[in-house]
Amino acid sequence: MKVTLAKTAGFCFGVDRAVSLTQKAADAGERTYTLGPIIHNRHVTDRFAALGVAEIDDPADVPQGATVVIRSHGVSRSVYEALASHGAKVIDATCPFVSRIHKLVSDAEARGRTAVIIGTKTHPEVCAIAGWCRDPQVFETAEDLENWLLADEQRRKMPLSVVFQTTSTQKLYNSCEKIAKKLCTNCEIFDTICEATEKRQSEAAEIAAACDAMIVIGDAKSSNTAKLAMICRENCGKVALVDSAADLDKSFFKDVSHLGITAGASTPAWIIKEVVNMSEEVKVETNESFEELLEQSIKTLNNGDKVTGI
């Protein structure tokens with residue numbers, strides 16, 4: 001069995017930065033809190049909890065003067081104001097690519113334009129982006145956007161500024177762009193999909209198309225991991241989404257000659273290594289024994305045959 005591990009598997013720049021900043025605060029012995037999970041991976045959050053980093057959901061629960069890490073997904077403008085009122089020491093781990101979107105929607109509103117956000121409505125990144133403008137329109141699919149535009153002719157004439165959740169797929173971006181260009185008369189579209197996300201998704205599709213089976217490693221709550229699994233399923237008939245090697249059964253590897261492995265942007269390296277190691281162990285177990293290989297190599301000789309040996 002051949003095993004191919006995606007080069008883009010694992011932490012992206014934004015996640016690595018957020019984890020490093022949180023680790024630095026924990027090492028300094030400060031009373032450290034994160035607003036929600038620092039990243040969508042329970043193994044990482046459990047590790048930080050063991051180090052004394054507490055997770056809270058409401059800025060009002062932050063003790064006066066405590067250190068608060070803003071996760072890579074970012075937060076709304078009002079959260080920054082609430083933390084300031086509590087005298088919190090803020091460590092801003094918002095991904096720079098997400099911060100750029102905050103500025104785009106804020107500037108759009110200042111120019112009298114309506115911000116249109118394409119992404120999962122309940123995802124913390126999308127909620128944070130929406131918190132940087134007063135009246136955003138949020139759509140999860142291209143169909144939702146199209147239906148909203150078709151429902152009122154005036155909407156098609158509105159000055160719109162469209163942005164995308166950083167973990168959106170290129171397919172979703174292309175569909176929304178096509179609809180907006182077709183129906184709108186005053187619409188600007190920003191490709192805010194993270195470049196690392198694009199590369200990860202593209203590589204996953206390429207590997208999945210060449211393999212008998214794919215393993216996608218990541219937390220079920222991770223948006224980018226879920227989208228990776230979706231893309232792999234579009235290109236491969238046998239796909240497993242696992243949180244760790246413990247979720248894998250060796251029966252999954254049966255009749256697999258080429259296995260592909262990728263991982264979400266919130267998946268730590270040690271978990272990827274465990275899955276790869278397990279796959280390599282199965283690979284050894286499924287190889288034919290030396291005796292079987294020797295038997296296959298024996299050839300019946302006839303008079304006149306030429307042989308080469310060592």
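- In this structure E30 satisfies the side-chain contact (heavy atoms from CB on, under 4.5 Å) test together with A25, A28, T32, T67, K89, sequence neighbours excluded.
- For Y33, there are no ring pair (Phe, Tyr, Trp, His ring centres under 6.0 Å) partners, not counting sequence neighbours.
- The ring-ring contact (aromatic ring centres under 6.0 Å, His included) analysis of residues 1-25, with sequence neighbours excluded, yields no pairs.
- Annotation: side-chain hydrogen bond (donor to acceptor under 3.5 Å, both in side chains) contacts involving residues 236-247, sequence neighbours excluded, comprise R42-D243, H43-D243.
- With sequence neighbours left out, the ring pair (Phe, Tyr, Trp, His ring centres under 6.0 Å) criterion links H102 to W132.
- Partners of D27 according to the side-chain hydrogen bond (donor to acceptor under 3.5 Å, both in side chains) rule, which considers only residues two or more places apart in sequence or in another chain, are Q23.
- Partners of E203 according to the side-chain hydrogen bond (donor to acceptor under 3.5 Å, both in side chains) rule, which considers only residues two or more places apart in sequence or in another chain, are T8.
- Every residue two or more places apart in sequence or in another chain was checked for a side-chain hydrogen bond (donor to acceptor under 3.5 Å, both in side chains) with S266, and none qualifies.
- Salt-bridge check for R111 with E188: passed, with a basic side-chain N closer than 4.0 Å to an acidic carboxylate O.
- Residues meeting the side-chain contact (heavy atoms from CB on, under 4.5 Å) test with E109, sequence neighbours left out: C133, R134.
- For E177, the salt bridge (Lys or Arg N to Asp or Glu O under 4.0 Å) test picks out K181, with sequence neighbours left out.
- In this view, R156 satisfies the side-chain hydrogen bond (donor to acceptor under 3.5 Å, both in side chains) rule with no residue, not counting sequence neighbours.
- Here F48 pairs with nothing under the ring pair (Phe, Tyr, Trp, His ring centres under 6.0 Å) rule; sequence neighbours left out.
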